[in-house]
Asks: 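Take a look at the following structure, please.
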Protein chains: 2
Amino acid sequence: MVKATIDDVAALAGVSMKTVSRVVNKEPNVRASTRDKVQAAIDELAYRPSQSARSLAANRSYVLGLLYDNPSASYVIDVQDGALASCRRAGYDLLIHPCKRDTVELLTEVLALVRQGRVDGLILTPPLSDMTELVQTLVSAGIPFVRLSPTEYKDACPYVQTNDQEAAYDMTCRLIELGHRRIGFIVGHPDHRAVTQRYTGYVAALKENDLVLDKSLVVQGYNSFDSGRECARELLSSATPPSAIFASNDDMAAGVIIEAHHRSITMPAELSVAGFDDTPVAHQIYPSLTTVRQPIAEMAAKAVDLLLKQLKGKSVQIPAAIMSCRILERESTGEAGR
Amino acid sequence: MVKATIDDVAALAGVSMKTVSRVVNKEPNVRASTRDKVQAAIDELAYRPSQSARSLAANRSYVLGLLYDNPSASYVIDVQDGALASCRRAGYDLLIHPCKRDTVELLTEVLALVRQGRVDGLILTPPLSDMTELVQTLVSAGIPFVRLSPTEYKDACPYVQTNDQEAAYDMTCRLIELGHRRIGFIVGHPDHRAVTQRYTGYVAALKENDLVLDKSLVVQGYNSFDSGRECARELLSSATPPSAIFASNDDMAAGVIIEAHHRSITMPAELSVAGFDDTPVAHQIYPSLTTVRQPIAEMAAKAVDLLLKQLKGKSVQIPAAIMSCRILERESTGEAGR
DNA sequence: AAACGGGCTGACAGCGCTGTCACTTTGTTT
DNA sequence: AAACAAAGTGACAGCGCTGTCAGCCCGTTT
């Protein structure tokens, strides 16, 4: 049995192939009876429109590209899941494209992706979404894209963000409420604005509660487990160690917890630890980690929706969306000074 | 500036478009001087062949599909990375296609993927690679695919496997060597043959060392963290608990460790714990987990290579590959009865 | 010197769809 | 009943490539 084409369907249904095309693409202005007739023919022949023929004729690929340079597997998977969900709903495919942020080829590589017509538009995830050069290039090349990032970009390009800063603020307030006065903070990788912004929330919460910002309690991490452990070493070696440590992501918080275990510090009695992201590790470690859950999949889905809208009509206004985080209190935090 | 086509390049280089096509596709039998001339024209016009036109004319998509139904993010990401690496080398794209194993639509969905010409071939990962119905369908539809699975399939279809069983055997022997006599085992999800086969290695090691297989030490898990914890509860509640527990994967082993913490059991002094997979969590928990590392990315890369070979020539022989695992001893295991 | 064969090149016909536009049918208005 | 608008349909020309096949130009053989 050879693959049926649109002509076969048209012949069987007794209509023109253009009408079949209309039915397949759910276009309006087809009489219901005609539609049924065509649909019956499609079913009978098990007709599947050829993706490449459609792409060539319509001049679009029905594929979106997902760009990332993120070592965190769970984050990436969540983004993929959310993006895929929206893509499927719209009959689009998703092409994943991990890439190295610092390579010279990055720009040409990404441009080629679009120029070859392999994707119709792009989703940028942090930290790529904050690379000025990349964003600039895409804008001036007129390539449709949506950024997944908590920071706005000066030009009017669409983005999806969460209230990161607010969540960091809330978490810090919660720690203060628990009686903590000396709260260590581990800053995220300087290139990841999405993560470093969380520091702002911490600072704001201290100020709001009339606590002084002690710079010796703020250390620079690099988002990895190992860097978190290193930072914990620094903070816990102090003569006056903090009673709580808030890390800008879960991997670093996990590093803090390990270091505390190795120093026989009991948690949360002697030390409270909080993270950010709610990665799988957060509830698989002991004590389970108090953290902030971001609706990553939903954000990605939203980003795809915005991109698809952009691809259809030319909505000139900036599409943007803000989603909410949620604090999850688990075993790693408790009252201070017990 | 409008996008250049193959005609533009041909005109500029003063050759036919067919010759340009030959240069672009690195076909033989083009004089070096002609090749250079064409290449210069390509560079000057920044010509990028249209993916969809190529696909339509050549009747293939230059895209491979990656099918999975696996909740483990790190496993999936590793597979993606390996597969992508090989794809890029060959100028192919990778389409990810997570799917639910038990849905009725699975088969039609996957067939549509191929029938619409969106992918040229498929990579199946566990547990999909062990679904007889799916494999059977693909075989009889003549769709090229490669299975990532430790089990062979009765028909001659290509696969990539690891020496899982052997590694489980080695790990069990190592525990015995450390003095453990009562070793608990947590079996993997019954539908995941890739995981359940590890039990065979455990049994073989006991036999080899003249230890009786005590069925009360073998409990059925379902691959998840929670099920691992549940199994640990069962094993540790016994009047004569095991001195070591070997879980069929890391998530379940992490569950065991948490349960032990909650019972104030010190590890490895009072209990040794071993896992399988070396997921990120393995070195982020306390104590860090002794486990088995599989070369997942390499396996996926190999699978893609086999698939591409199959796509080119019709090598009738079964292509297959076996890769090796490695035991990683960390903090969670130690001598028995200390 | 004729015959041969392999390297190299080009003409051309599609691949299977969609966009455009012209056309026919139907329903609505005066 | 004529005039008009809107809904419904089809003819056709590509979209930008690759496969096929014919033909040219060589050097090598008899």
Side-chain angles (χ1 to χ4, degrees), chain A residues 2-39 41-42 45-63 91 93 112 114-118 120 311-312, chain B residues 2-39 41-42 45-63 91 93 112 114-118 120 311-312:
Chain A
V2 80
K3 207 174 166 308
T5 73
I6 201 170
D7 292 286
D8 302 329
V9 177
L12 181 60
V15 298
S16 75
M17 68 184 186
K18 181 64 212 187
T19 296
V20 177
S21 170
R22 286 192 181 96
V23 172
V24 169
N25 293 293
K26 302 191 190 353
E27 287 175 27
N29 300 338
V30 178
R31 199 179 303 160
S33 61
T34 311
R35 193 179 295 276
D36 294 344
K37 210 166 51 181
V38 172
Q39 190 57 55
I42 289 176
L45 298 175
Y47 166 69
R48 303 275 167 219
S50 149
Q51 193 71 14
S52 37
R54 278 163 57 105
S55 300
L56 181 58
N59 194 32
R60 56 214 156 105
S61 61
Y62 301 94
V63 176
D93 278 326
V114 183
R115 290 271 157 73
Q116 290 184 132
R118 301 203 288 193
D120 294 337
L311 248 30
K312 290 213 182 91
Chain B
V2 81
K3 207 175 164 308
T5 73
I6 201 171
D7 292 289
D8 302 329
V9 177
L12 181 60
V15 298
S16 75
M17 68 183 184
K18 181 64 212 185
T19 297
V20 177
S21 172
R22 286 192 180 95
V23 173
V24 169
N25 294 293
K26 303 191 191 347
E27 287 174 29
N29 299 338
V30 178
R31 198 180 304 159
S33 61
T34 310
R35 194 178 294 276
D36 293 344
K37 211 166 51 182
V38 171
Q39 191 57 55
I42 289 176
L45 298 174
Y47 167 69
R48 302 275 166 220
S50 149
Q51 193 70 13
S52 38
R54 278 163 59 106
S55 299
L56 181 58
N59 194 32
R60 55 212 157 102
S61 62
Y62 301 95
V63 176
D93 277 326
V114 183
R115 290 273 157 71
Q116 291 184 132
R118 300 203 288 192
D120 294 337
L311 248 31
K312 290 215 182 86

Asks: Just by modelled atom types, is the Gln116(B) backbone N or O under 3.5 Å from a matching donor or acceptor in the Lys3(A) side chain?
Replies: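 Such a contact is absent between Lys3(A) side chain and Gln116(B) backbone.
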Asks: Heavy atoms of chain B, cut-off under 4.0 Å: which first and last nucleotide of DNA chain D, 5' to 3', fall inside that, if you could look?
Replies: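 Result: dG16(D) to dT20(D).
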Asks: Could you tell me which non-hydrogen atom of Leu56(A) sits nearest to which non-hydrogen atom of Ala53(B), and how far apart they are?
Replies: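 Leu56(A) and Ala53(B) have their closest heavy atoms at CD1-CB, 3.7 Å.
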Asks: Starting at the 5' end of DNA chain C and moving along, which residue's nearest nucleotide shows up first, Ala53(B) or Lys18(B)?
Replies: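 Its nearest nucleotide lies further toward 5', so the answer is Lys18(B).
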Asks: For DNA chain D, which residues in residues 20-34 of chain B have a heavy atom at a distance below 4.0 Å?
Replies: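 Nucleic-acid contacts, sorted: Ser21(B), Asn25(B).
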Asks: Find the distance Asp7(B):CG to dG10(C):P and express it as a whole number of Å.
Replies: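 Rounded to the whole Å, the gap is 13 Å.
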Asks: Let's go through Ile6(A) and Tyr47(A) carefully: what are the C-alpha distance in whole Å and the side-chain angles of both, what is the deciding distance for side chain to side chain contact (heavy atoms under 4.5 Å, CB included) to 0.1 Å, and is it a yes or a no?
Replies: CA-CA 8 Å; Ile6(A) 201 170; Tyr47(A) 166 69; 3.6 Å; yes
Asks: Using modelled atom types and a 3.5 Å cut-off, is there a donor and acceptor pairing between side-chain atoms of Asp120(A) and backbone atoms of Arg60(A)?
Replies: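 Between the backbone of Arg60(A) and the side chain of Asp120(A) there is no qualifying donor-acceptor contact (under 3.5 Å).
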Asks: Could you check whether atom CG of Asp7(B) has more than 12 heavy atoms from other residues, nucleotides or ligands sitting under 6.0 Å from it?
Replies: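 Yes, the 6.0 Å shell around CG holds more than 12 heavy atoms from other groups.
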Asks: Please check if the side chain of Asp36(B) supplies one atom and the backbone of Ser33(B) the other of a donor-acceptor pair under 3.5 Å.
Replies: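 Pair absent, no side-chain N/O of Asp36(B) close to backbone of Ser33(B).
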Asks: Any donor-acceptor pair under 3.5 Å linking the side chain of Asn25(A) with the backbone of Arg22(A)?
Replies: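 Flag not set: sc Asn25(A) to bb Arg22(A) has no pair under 3.5 Å.
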Asks: Answer yes or no: is there a donor N or O on one side and an acceptor on the other, between the side chain of Ser55(B) and the main chain of Gln51(B), under 3.5 Å?
Replies: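 Side chain of Ser55(B) to backbone of Gln51(B): a pair is present.
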Asks: Measure from CE on Met17(A) to P on dT20(C) and round the result to the nearest Å.
Replies: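 Value for this atom pair: 15 Å.
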